[in-house]
Asker: 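Quick one: structure below, then a few questions.
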Amino acid sequence: MTDFVFERTSKVLLIYTGGTIGMGKNAVTGALEPLDFNYLIDNLPEFQYLQTDIDVYQFATPIDSSDMSPRLWSHLVNIIADNYNQYDGFVILHGTDTMAYTASALSFMLENLTKPVILTGSQLPIGQLRTDGKENLVTSIDLAAAHHDDGTPMVPEVCVYFSGKLLRGNRSTKQNADGFNAFESFNYPALCDAGINFNFHTHRILRPDFTRAMIPHTATDANTIVLSIFPGIQESLLRHVIEAPELRSIVMRSYGSGNAPQHPWLLQLLNEASKRGVVVVNISQCIAGSVEMERYDTGFQLKNAGVVSGYDSTVEAALTKLMHLQALHRDSNLIRQLMNQSIAGEISV
């Protein structure tokens, strides 16, 4: 706890970007499509029972989360920064397909975040009988307003809330396309379990410096790719990608604890890329566990080729962290160093 007195407003800003939670069926095609946010509000009489005031910011044109982009991440950062002092927390309604990417990106772009930013959505539209949207939304608002006795927020982080679990945003990944338990955090436990009561795990929650201002970052550099290693990977195709002059970094999804085929051409390509300033970050294809490149000889050879460990990072966190760092720094060696440091709780080192 801190002696710092946190000034509260008893208000939460709800930012509606789109997604299944606010969709309805097209009468002609039967396909789901975004509806006006007023439709969502009409289907949520539970709003009147919440203990905090709610204001709404709606994207001019609600988007499918498949269309989420770094430009829209910057837009979200600007919305939060412009309204930062007027609200105790922020809830972002977002489609599930790219929610973990957005949560990860915002965790880096909102430096020294001192207020909750909680992303949520649903697997079924909020107007349907068995929707999970109402519970996810109402609980997310409650979590965004939850605070300690001194007024500081219970969870001053970017989070994903789904199906009874509050997860660190940059540790989350979508694990289920059909079930209500759409998200999981395989390498870091939940920050809060939401049952009859909230069970906050305070020792797992980041504690920012409440005396310092939040620093918004809006620039990203998306000159990066995700490369999955697989049996039969072809040198000619990979060479075209790695030798692209615009390329600044690679998230390499390797086997197990960080292993890759011992093809001389592969190690040479990676070594050449590293020498010309391309940052190659090694993460595991496994859903749980961490990269340990010293564990086996194949991983050790990758390290010798200039590849750096991504530890237990998710794909989403590694990719968006690189985009963020590349916008801030031109020095590839500095980026490599920062990829080996936890800057928003994204890796265990």
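As the structure is a prediction and not an experimental result, all values here were calculated from the model.
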Asker: Strictly distance-based, threshold 3.5 Å: is any side-chain N or O of D221 a donor or acceptor partner for the main-chain N or O of L325?
Answerer: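 Side chain of D221 to backbone of L325: no pair is present.
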Asker: Answer yes or no: is there a donor N or O on one side and an acceptor on the other, between the side chain of D64 and the main chain of G18, under 3.5 Å?
Answerer: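 Not a single qualifying donor-acceptor pair exists.
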Asker: Check whether N187 reaches the backbone of G289 with its side chain - one donor and one acceptor, N or O, closer than 3.5 Å.
Answerer: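 Flag set: sc N187 to bb G289 pair under 3.5 Å.
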Asker: For a quick test of your reading: what N or O donor-acceptor pairs under 3.5 Å do the side chains of residues 307-316 make, sequence neighbours left out?
Answerer:
residue : atom : partner : partner atom : Å
S309    : OG   : Y311    : N            : 3.0
D312    : OD1  : S348    : N            : 2.9
D312    : OD2  : R171    : NH1          : 3.0
D312    : OD2  : S348    : OG           : 3.0
S313    : OG   : A318    : N            : 3.2
T314    : OG1  : A317    : N            : 2.9
E316    : OE2  : T173    : OG1          : 2.8

Asker: Please answer whether the main-chain N or O of I79 pairs with a side-chain N or O of N83 as donor and acceptor at a distance below 3.5 Å.
Answerer: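 Yes; judged by distance alone, with no hydrogens or angles, the pair exists.
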Asker: In Å and rounded to the nearest 0.5 Å, what is the OG to CZ distance from S172 to F162?
Answerer: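 Result: 10.5 Å between the selected atoms.
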Asker: So how far is it from L13 CG to Q86 CD, rounded to the nearest 0.5 Å?
Answerer: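 Nearest 0.5 Å value for the CG-CD distance: 9.5 Å.
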Asker: Would you check if L76 and I15 make a side-chain contact, meaning some heavy-atom pair closer than 4.5 Å?
Answerer: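 When only atoms from C-beta onward are counted, I15 and L76 do touch, with a gap below 4.5 Å.
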Asker: Calculate, to the nearest 0.5 Å, the distance between atoms OG and CE belonging to S104 and M99 respectively.
Answerer: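 If I round to the nearest 0.5 Å, the distance is 12.0 Å.
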Asker: Does Q58 use its side chain to pair, donor to acceptor, with the backbone of V56 at less than 3.5 Å?
Answerer: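 Between the backbone of V56 and the side chain of Q58 there is no qualifying donor-acceptor contact (under 3.5 Å).
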Asker: Between CD1 of I250 and CG of L319, what distance do you get to the nearest 0.5 Å?
Answerer: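 These two atoms lie 12.0 Å from each other.
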Asker: N136 and Y161: side-chain hydrogen bond (donor to acceptor under 3.5 Å, both in side chains), yes or no, with the steps?
Answerer: CA-CA 7 Å; N136 285 346; Y161 177 77; 4.9 Å; no
Asker: Yes or no on side-chain hydrogen bond (donor to acceptor under 3.5 Å, both in side chains) for T218 and S74, after CA distance, side-chain angles and deciding distance?
Answerer: CA-CA 5 Å; T218 57; S74 298; 5.1 Å; no
Asker: Please lay out, stage by stage, how Y101 and S65 fare under the test side-chain hydrogen bond (donor to acceptor under 3.5 Å, both in side chains).
Answerer: CA-CA 10 Å; Y101 286 97; S65 71; over 6 Å; no
Asker: Would you check if D53 and V12 make a side-chain contact, meaning some heavy-atom pair closer than 4.5 Å?
Answerer: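 Not touching, per the 4.5 Å side-chain cut-off.
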Asker: Under the side-chain contact (heavy atoms from CB on, under 4.5 Å) rule, what do L106 and I92 come out as? Steps first, then yes or no, please.
Answerer: CA-CA 11 Å; L106 294 181; I92 300 174; 3.7 Å; yes
Asker: State, yes or no, whether a side-chain contact exists between L266 and E235 at a heavy-atom distance under 4.5 Å.
Answerer: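 They are not in side-chain contact.
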Asker: For R8, what residues pass the salt bridge (Lys or Arg N to Asp or Glu O under 4.0 Å) criterion, not counting sequence neighbours?
Answerer: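 R8 satisfies salt bridge (Lys or Arg N to Asp or Glu O under 4.0 Å) with D88 only.
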Asker: Decide whether M339 and V291 are clustered together by the hydrophobic rule: side chain heavy atoms of Ile, Leu, Val, Met, Phe, Trp, Tyr closer than 4.5 Å, transitively.
Answerer: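 No: no chain of side-chain contacts under 4.5 Å links M339 to V291.
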Asker: Nearest 0.5 Å, please: how far is CG in L247 from CD1 in I225?
Answerer: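 Between atom CD1 of I225 and atom CG of L247 there are 5.5 Å.
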Asker: Please determine, by modelled atom types, if Q341 and Q337 share a side-chain donor-acceptor pair under 3.5 angstrom.
Answerer: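 No, no side-chain donor-acceptor pair sits under 3.5 Å.
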Asker: Does anything in residues 188-199 form a side-chain hydrogen bond (donor to acceptor under 3.5 Å, both in side chains)? List the pairs, not counting sequence neighbours.
Answerer: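 Every side-chain hydrogen bond (donor to acceptor under 3.5 Å, both in side chains) pair that includes a residue of residues 188-199, provided the two are not neighbours, is D193-H201.
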Asker: Output every pair passing ring pair (Phe, Tyr, Trp, His ring centres under 6.0 Å) with a member in residues 320-349, not counting sequence neighbours, ordered by first then second residue.
Answerer: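 Residue pairs passing ring pair (Phe, Tyr, Trp, His ring centres under 6.0 Å), neighbours aside: H217-H324.
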Asker: Check this for me: does any side-chain nitrogen of one of E346 and R168 sit under 4.0 Å from a carboxylate oxygen of the other?
Answerer: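 Result for this pair is no, no salt bridge flagged.
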Asker: Are any of the side-chain heavy atoms of V158 and L119 separated by less than 4.5 Å?
Answerer: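 They are in side-chain contact.
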Asker: Could you go through the side-chain hydrogen bond (donor to acceptor under 3.5 Å, both in side chains) check for S249 and Q326 one step at a time?
Answerer: CA-CA 9 Å; S249 61; Q326 287 171 180; 2.4 Å; yes
Asker: Quick one: list whatever passes salt bridge (Lys or Arg N to Asp or Glu O under 4.0 Å) with E111, sequence neighbours left out.
Answerer: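 So E111 forms no salt bridge (Lys or Arg N to Asp or Glu O under 4.0 Å) with any residue.
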Asker: Taking all atoms of both residues into account, what is the closest heavy-atom pair of T9 and Y87, and its distance?
Answerer: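 Scanning both residues, the minimum pair turns out to be OG1-CA, 3.4 Å.
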Asker: Nearest 0.5 Å, what's the CZ-CG distance between R204 and L191?
Answerer: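 The CG atom of L191 is 8.0 Å from CZ of R204, to the nearest 0.5 Å.
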Asker: Taking the side chain as everything from C-beta on, heavy atoms only, tell me whether K321 gets closer than 4.5 Å to I347.
Answerer: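 Yes, close enough: below the 4.5 Å cut-off.
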Asker: What I want to check is whether the side chains of T102 and W73 have a donor and an acceptor closer together than 3.5 Å.
Answerer: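 Yes, because at least one side-chain N or O of T102 sits under 3.5 Å from a partner of the opposite role on W73.
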Asker: Got E184 and K165 here, is their nearest side-chain heavy-atom distance under 4.5 Å?
Answerer: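 A side-chain contact under 4.5 Å exists here.
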Asker: So, the side chain of T52 versus the backbone of S10: is there a donor-acceptor pair under 3.5 Å, distance only?
Answerer: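 Such a contact is found between T52 side chain and S10 backbone.
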Asker: Is NZ or CZ of K115 both nearer than 6.0 Å to the six-membered ring centre of F90 and within 45° of the ring axis?
Answerer: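 Judged by the rule, K115 and F90 form no cation-pi pair.
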Asker: Do R248 and V278 touch side chain to side chain, with heavy atoms closer than 4.5 Å?
Answerer: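 No, too far: nothing below the 4.5 Å cut-off.
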Asker: Scan for side-chain hydrogen bond (donor to acceptor under 3.5 Å, both in side chains) pairs involving residues 275-291, sequence neighbours excluded, and state none if there are none.
Answerer: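 Of all non-adjacent pairs touching residues 275-291, those that pass side-chain hydrogen bond (donor to acceptor under 3.5 Å, both in side chains) are S254-N282.
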Asker: If you count every heavy atom of other residues, nucleotides or ligands that lies below 6.0 Å from F300 atom CZ, does the total exceed 12?
Answerer: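 Check fails, neighbour count at 12 or below.
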Asker: Counting heavy atoms not belonging to Q51, are there more than 12 under 6.0 Å from its CD?
Answerer: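 Open.
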Asker: Determine whether the aromatic ring centres of H94 and Y16 lie less than 6.0 Å apart.
Answerer: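 No.
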